[in-house]
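Scroll down for the structure; my scribbles are underneath it.
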Protein chains: 2
Amino acid sequence: MKEATLKEIAEKLGISITTVSKALKDYPDVSLKTKEAVISLAKELNYSPNSFAVNLRTKESKTIGLIIPEIVHHFFSNVINGIVAEAEKNGYLVIILQSNESLELEKKQVALLINKRVDGIIISLSNESNDDSHLMEIIARKIPFVQFDKIAKLIHSSKVVINDQIAARNAVQHLIDNGYRKIAHIRGPLNPQNAIDRFIGYKKALEINNIPFDPSLVYTCEKVTFQEGIDFAKQIMADHPDVDGIFAITDLVAVGVLSYFNDIGIKIPEQVAVIGFSNWFMSQVLTPKLSTVDQPSHEMGVTSFKLLLEEMNCHKKEIPFSPRTIELETKVIARESTFKKNNI
Amino acid sequence: MKEATLKEIAEKLGISITTVSKALKDYPDVSLKTKEAVISLAKELNYSPNSFAVNLRTKESKTIGLIIPEIVHHFFSNVINGIVAEAEKNGYLVIILQSNESLELEKKQVALLINKRVDGIIISLSNESNDDSHLMEIIARKIPFVQFDKIAKLIHSSKVVINDQIAARNAVQHLIDNGYRKIAHIRGPLNPQNAIDRFIGYKKALEINNIPFDPSLVYTCEKVTFQEGIDFAKQIMADHPDVDGIFAITDLVAVGVLSYFNDIGIKIPEQVAVIGFSNWFMSQVLTPKLSTVDQPSHEMGVTSFKLLLEEMNCHKKEIPFSPRTIELETKVIARESTFKKNNI
DNA sequence: CACACAAACGAAAACGTTTTCGAATTACCG
DNA sequence: CGGTAATTCGAAAACGTTTTCGTTTGTGTG
């Protein structure tokens, strides 16, 4: 009942381990007769190579590591899906870790993956990440490395992103085009590059349309939760009763806003229009249906793995690899929550 | 710039590999002096044991495999989260695979994990799974094994489940208690045990309340999608315009129903009450808010890993392990979509 | 028949660790 | 001081594979 090994097959056939190994890997210097004998016996014994030994010998594990801030998250679970599918298609397995938006945990997990000697690492940074030392370590060890979505701009690695500035600008422009003028922004935390970029996009859109930027219309999430959406919606109506549009950093927050407005009877979009970001599934089934920005999450996963694979292949053959940055397309999805105002 | 090894440390210190290994693992037969010297040099060289070699030597990889039907799914992503968190807490990493509800893929993936020699396997079966041979293989190889949610009853392994019959019965009882009598059921596919059990629970509830069971009120999903919810809602209203309640196999389908009714102006719950299953996040933000059955998904993940860990520990020490089945509690979450009828 | 050459196989090293068991040294005690 | 016991160390095997480089045998050619 034990696991079959090359040695066992060799002994039963009265040949050497070397020949058995070669026969199974279809080397040209094994006669057809022995090849057949070996293959047939291997099948019979249900032989499969001991991957631990193969890993040690070949110095690769055909396994990659993936670190993301949150698994239970429409965007990230879609990315996971893309990565896992593409990886499997190419013979790789994926170890998933969740940083819980904690820099400390993220660092531990990078160390963990390095120790495990994964063949490559894909990461989307936590909101706390303002320190690059663990990423530098990955680079220093020459481990193939791809960042996506929430990236450290200054780290010289491949990246898969969207153009958050333009995407956000388009979202706000959509509000403006539909007649909304006094637009609040519920932004993400101060650290992450994409929260910064979306904020910049928000300002740009105002600027282009000659709407003065009012800092008091900007509200900053700490955790980017549904509850914060509710809280800020309340706050906004208290601070600025005449606001007529809200652009939220992500759909989850926008849904909080919607939920609060629905509960207290504020009409959307008649009184306030709302647009989110990321096109979460639920946004299309809410009342009113939420306008948002579509972000190709699954494709982001697939592309990230493809880039990593390229680098891993170069790494194996010891040919140099130049990191690339790929920018994927987004588009505004107009739904009920931003219907054109009647008076225009 | 190369990876430090025991050999290197030994040579630099003029001692044997054995002693270095022992020093790092705090064996009692190494003098304090050499221990300190070794540890300090190891730190300096940034030594970390080559996990490939450790795996080969110890025959374990501190890695488990997880196969689920769908990653982008509120219930499953919560389970993943629970498993990954609990695993990491105990020094294990998790390889995730998605069967896409395909038996064929599921079988391949089990084979993959066996070949990778993971220390244990956790699985929730695909809807197609009506063949146990791949699961038998896991048992035959004595690989620690836990099933959760969608299980093969006859396979002798640990299991983590809810009581689907009772949970479904409670959901339907809730509808009946609130005055609904003609209740349709949108059930899951014919194969999965939990779809069968929920259907049985539905029938039981009717029986207890002396409501005759009408097979034409039962609709069977193939893929359990949002779209099927829409389609069946339409179908139900065509077939039985006087239906006043719907129990759906899962929230996603219930949301489809809600969405269709909202679109065509059928009032919920005044005309038809709707209850789902699983308590997906979005169900609380819909209009109307969806009643459902809470299923402790995160806890299900945590519990699954704990059971697996127990078995892995026994396996290592070669002491026998008896598989256990753990049943977690569910409870009906009453929201707007099933408000009590006025006339009772 | 000698020689070259191809075909088929195997010995052995290497990957880096863990662990057993015996050897060497030191300390202790009567 | 002889002997025992404790302390400290290291040689070597083992885990199972891959791959290099010989060696042997058989085949064909001049």
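Chain naming here is simple, since letters A, B, ... match the order of the sequence lines and numbering starts at 1 in each.
- Between F75(A) and F148(A), the ring-plane angle classifies as tilted under the 30° and 60° cut-offs.
- Nearer the 5' end of DNA chain D, as judged by each residue's closest nucleotide, is the contact made by A53(B), out of T58(A) and A53(B).
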Show your reasoning for whether salt bridge (Lys or Arg N to Asp or Glu O under 4.0 Å) applies to E310(B) and R324(B). CA-CA 10 Å; E310(B) 255 188 67; R324(B) 293 208 313 271; 3.0 Å; yes
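- Counted by atom type alone, Q109(B) and E88(A) present one or more donor-acceptor pairs between their side chains at under 3.5 Å.
- A 6.0 Å sphere centred on CD of E327(B) holds more than 12 heavy atoms belonging to other residues, nucleotides or ligands.
- Remark: C1' of dC9(D) and CG of L13(B) are 13 Å apart, rounded to the nearest angstrom.
- Residues F145(B) and I139(B) form a side-chain contact, since some pair of their non-hydrogen atoms from C-beta on lies under 4.5 Å apart.
- Within 4.0 Å of K59(A), counting heavy atoms only, lie sugar-phosphate atoms of the nucleic acid but no base atom.
- Counting heavy-atom neighbours within 6.0 Å of K108(B) NZ, excluding the residue itself, gives a total of 12 or less.
- Residue T5(B) is classed as a sugar-phosphate contact, given heavy-atom separations below 4.0 Å to backbone atoms only.
- Note on K25(A): only backbone sugar-phosphate atoms sit closer than 4.0 angstrom, heavy atoms only; bases stay farther off.
- Heavy-atom neighbours of K35(B) NZ from other residues, nucleotides or ligands within 6.0 Å: above the threshold of 12.
- One can place CD1 of I17(B) at 10 Å from C1' of dG10(D), the figure rounded to the nearest angstrom.
- For DNA chain D, none of the residues of residues 29-44 of chain A falls under the heavy-atom distance limit of 4.0 Å.
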Give the C-alpha distance, both sets of side-chain angles, the deciding distance and a yes or no for salt bridge (Lys or Arg N to Asp or Glu O under 4.0 Å) between K22(A) and D29(A). CA-CA 8 Å; K22(A) 286 181 182 170; D29(A) 64 342; 3.1 Å; yes
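- Here chain B contacts DNA chain C (any atom closer than 4.0 Å to a heavy atom, that is under 4.0 Å), and the contacts span dG16(C) to dC21(C) from 5' to 3'.
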